[in-house]
Amino acid sequence: MTENPLDDPFYYLNNFMQVLDWLEHRYGDVLSVEEQGFVQDFRRQPRESRALLVRMVMRKGVHFRAGKLSYLEIGDIARAAEPLLAAGWIDEHSPLPIEELFDVLLKAEILQCFGTVIEQPKGKKSDWLPSLSEQLCDAQSFSQWCPQLDDRLFTLTIMGLCDRLRLMFFGNLYQDWSEFVLADLGIFTYEKVEFCAESRGLRCREDVDACVFLHQCQQRFEAGEAVADIVEQINALELSNPWLQRRRGKLLFQIGQHCERLADFSTALTIYRDCAYPGARVRLIRVLERCGEYQLAMDLATHAEQTPESAAEHQHLLRVLPRLRRKLGGPAMKRPAPRDMQRLDLQLPRVDPALSVEYYVQAHLAQDSAPVHYVENSLINSLFGLLCWPAIFAPLPGAFFHPFQRGPVDLLNEDFHARRAGLFEACLAELDDGRYVQTLRERYVAKWGVQSPFVFWGALSQELLDQALDCLPPEHLKHWFNRLLMDIKANRAGMPDLIQFWPQDKTYRMIEVKGPGDRLQDNQLRWLEFCHEHQMPIAVCYVQWSEQSA
DNA sequence: CAATTGGTAG
DNA sequence: TTCACACCTTCGG
DNA sequence: GAAGGTGTGTCTCTACCAATTGGA
Ligand SMILES: [Mn+2]
Ligand SMILES: [Mn+2]
């Protein structure tokens, strides 16, 4: 039995220090002077003080009542806080606006401090805020706000710095410090991939700063700040890293959509014109159309149809072009005949409105000899993920750079497949000679529970796997997997809701369920069409609720 | 006073 | 760090 | 009815605790 890191009550501090060591050894040239100074000074502090700082960094927000900080392993909070105050990492007199003050005061304390100004003392806490923030809009320190309260308020001043450290370690800002403990508890297990000390997410200081800046712009945008300033600043960024260029494109695209919602078409046009993010061109055409610029829209749409950026764009253009031709005075075009897909119409009683329509169809179609599974994207993606596990987790340079990655960092890049073409070919070749069956069974056991961008462990029971291997022909698997590899982002979704197996006949069929008011989405239509082309059994099931005689 | 919500910790 | 659905409005045959 | 558009619930790790809410 190896020693459990969680036996140490300072386990979280050990994890944090592990990150500091990691960054110092691998990111020495990326760390700023301030960050290097912090890393060195941090280690000199008393253990209780370091622990207290990490506890605060891991908690929500930056303001903490001393009375709310209570940790057995740290003991005396005031004593532990002393060196942190001296180092300037926390501050006791930071002015804070009343909105933030409200978050650290109890309802009773608010009444105690502001009772005289509150009109409805029995109302909700949140209802008091608007009127109070108008009267008291200046920021003050906690002791100025509430001199009658016998407590101190510590405010973290280094949250920004800690976020940058987190960004460098994880290569993103959505993973947090709890990753370590969740992994130690076995809640998440990650594939172990070898990588060298030179393998890093963010490779230079400029990229770190740009990433932080983009993130701040995103937050300012979400907070409702004027878009013109934000857009200008984003566009002024010099970005050499393609990954960051994509991030910028995504943010600009979101801002563009926001402008569309506000009917600010001129700003939307300006944004979309310089935006290479997938889908921006279609939005540009749409905004031109909404502005009445039919000829410009037509020119761009025609050009786009020559060189579509994706199947999704092409599909969209097939709807847009006839509409624009009409608006330009062209002849009314007959709509292309809808494909003759197999169609199922059902009238079912909705006994319990809480249950989904897919569940009712599943129950209605299922037979003892023909079970139905509600799988959506999970089945095909999981089978793909299992068969191609070695290619997906191949230790390519730069693909893996910390121990908590669900998948390679370049998974959604244009060249993801090309960089691993031989590996994927080898995996898919198992479909040609039957080896895949044993491989999938073995890998299902060997990798059970290990995080993967494709494998949905919760949805893939042994039973489902057995039936799928029994009934799905390898040629069909190969078509699906190749389609996935052509455009992972676009094709990993849109698969039918249900799949039914006939193990005795070794056949299957897929069923997309549509309740009243629902209709096929673009990505579902593309999967439908693809399966139809390859003579795969697929049907769309339209459900009407039959009258409930009460 | 019971139910709900949101934050924390391992 | 999503995906699919529900529900709404607008448009055009 | 087709199509565009917007909003929502779900993914989330979960047991536990304190604070709040809202109905007796
Ligand atoms: Mn579905
Ligand atoms: Mn469906």
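The shown structure was predicted, so the numbers you read here are calculated from the model rather than taken from an experiment. Convention: sequence-line order gives letters A, B, ...; per-chain numbering from 1.
Set against dT20(D), dA4(C), dA3(D), the side chain of N523(A) has dA4(C) as its closest nucleotide. Among the nucleotides dG5(D), dT20(D), dG4(D), the one closest to any side-chain atom of L106(A) is dT20(D). Comparing dA19(D), dA4(C), dG5(D) by their closest approach to the side chain of K68(A) singles out dA19(D). Of the candidates dA6(C), dC13(D), dG5(D), dG5(D) carries the atom nearest the R286(A) side chain, counting heavy atoms from C-beta on.
Phosphate contact (OP1/OP2 of dA4(C), side-chain N/O of K514(A), threshold under 4.0 Å): absent. Considering only side-chain N and O atoms, Y12(A) lies nowhere under 4.0 angstrom from the phosphate OP1 or OP2 of dG10(B). Residue R283(A) places at least one side-chain N or O under 4.0 Å from the OP1 or OP2 atom of dG5(D). Contact check, R290(A) against dG4(D): no side-chain N or O comes under 4.0 Å of OP1 or OP2. Side-chain N/O atoms of Q521(A) include none lying less than 4.0 angstrom from OP1 or OP2 on dC3(C). Distances shorter than 4.0 Å separate some side-chain N or O of R55(A) from OP1 or OP2 on dG10(B). Using a 4.0 Å cut-off, some side-chain N or O of N377(A) falls inside it from OP1 or OP2 of dA4(C). For dT2(C), the OP1/OP2 oxygens have no side-chain nitrogen or oxygen of R492(A) closer than 4.0 Å. For R326(A), no side-chain nitrogen or oxygen approaches OP1 or OP2 of dC11(C) to under 4.0 Å. For K60(A) and dG7(B), the shortest distance from a side-chain N or O to OP1 or OP2 is below 4.0 Å.
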Less than 3.5 Å apart, which donor and acceptor atoms pair up between the side chains of residues 246-259 of chain A and the rest of the protein, not counting sequence neighbours?
| unit_1 | atom_1 | unit_2 | atom_2 | d |
| --- | --- | --- | --- | --- |
| R248(A) | NH1 | I234(A) | O | 3.1 |
| R248(A) | NH1 | L237(A) | O | 2.8 |
| Q254(A) | OE1 | Q218(A) | NE2 | 3.0 |

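Distance, K124(A) NZ to dA19(D) C1': 15 Å, rounded to whole Å. The interatomic distance linking F456(A) (CZ) with dT2(C) (C1') rounds to 9 Å, in whole Å. Rounded to an integer number of Å, the gap from L520(A) CG to dA6(C) C1' is 15 Å. One can place CD of Q405(A) at 12 Å from P of dT1(C), the figure rounded to the nearest angstrom. Remark: C1' of dG10(B) and CG of N4(A) are 10 Å apart, rounded to the nearest angstrom. The distance from atom CZ of R59(A) to atom P of dA18(D) is 13 Å, rounded to the nearest whole Å. Taking atom CG of residue D522(A) and atom C1' of nucleotide dG5(D), one finds them 13 Å apart after rounding to whole Å. Per the geometry, OH belonging to Y11(A) stands 13 Å off P belonging to dT8(B), to the nearest Å.
When the P atom is used for both dG4(D) and dG13(C), the distance is 15 Å, rounded to whole Å. Taking atom P in both dT10(D) and dC7(C), one finds a spacing of 14 Å when rounded to whole Å. Comparing dC11(D) with dC5(C), their P atoms sit 14 Å apart, to the nearest whole Å. Distance noted for atom P between dT8(D) and dT5(B): 16 Å (whole Å). Spacing between dA19(D) and dG23(D) at atom P, rounded to whole Å, works out to 22 Å. dG6(B) and dG9(D) have their P atoms separated by 14 Å, given to the nearest Å.
With DNA chain C read from its 5' end, the first of the two nearest nucleotides for P516(A) and R406(A) is the one closest to R406(A). Residue-to-nucleotide proximity on DNA chain C shows that, of Q524(A) and Y174(A), the 5′-proximal contact is made by Y174(A).
Nucleic acid contact for L185(A): base, since at least one base atom lies under 4.0 Å from a heavy atom of the residue. Counting non-hydrogen atoms under 4.0 angstrom, D497(A) reaches the backbone sugars and phosphates but no base. Contact annotation for Y71(A): backbone-only contact, meaning every heavy-atom pair under 4.0 Å involves sugar-phosphate atoms and none involves a base. E358(A) comes within 4.0 angstrom of the backbone, heavy atoms only, and of no base. If you check every strand for non-hydrogen atoms under 4.0 Å, G515(A) touches nothing. No contact: E179(A) has no heavy atom under 4.0 Å from any strand.
Using a 3.5 Å distance cut-off with no hydrogens or angles, the side chains of N14(A) and Q18(A) do not pair a donor with an acceptor. With no hydrogens or angles considered, no side-chain donor-acceptor pair links E512(A) and W527(A) at under 3.5 Å.
Salt bridge E260(A)/R286(A): absent, no basic N to carboxylate O contact under 4.0 Å. Salt bridge absent: D207(A) and R200(A) never bring a charged side-chain N and a carboxylate O closer than 4.0 Å.
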- Take F154(A) and F64(A) through the ring-ring contact (aromatic ring centres under 6.0 Å, His included) test and state the conclusion after the steps. CA-CA 5 Å; F154(A) 298 130; F64(A) 302 95; 9.1 Å; no
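Checked against the 6.0 Å centroid threshold, Y12(A) and W177(A) do not count as a close aromatic pair. Taking the six-membered ring wherever Trp is involved, the centroid distance between the rings of F384(A) and W480(A) does not fall below 6.0 Å.
For R519(A) against dG4(D), a side-chain-to-base donor-acceptor contact under 3.5 Å is present.
Shown here, dT10(D) forms no base pair; nothing in the strands shown gives a Watson-Crick or G-U wobble contact with both key distances under 3.5 Å.
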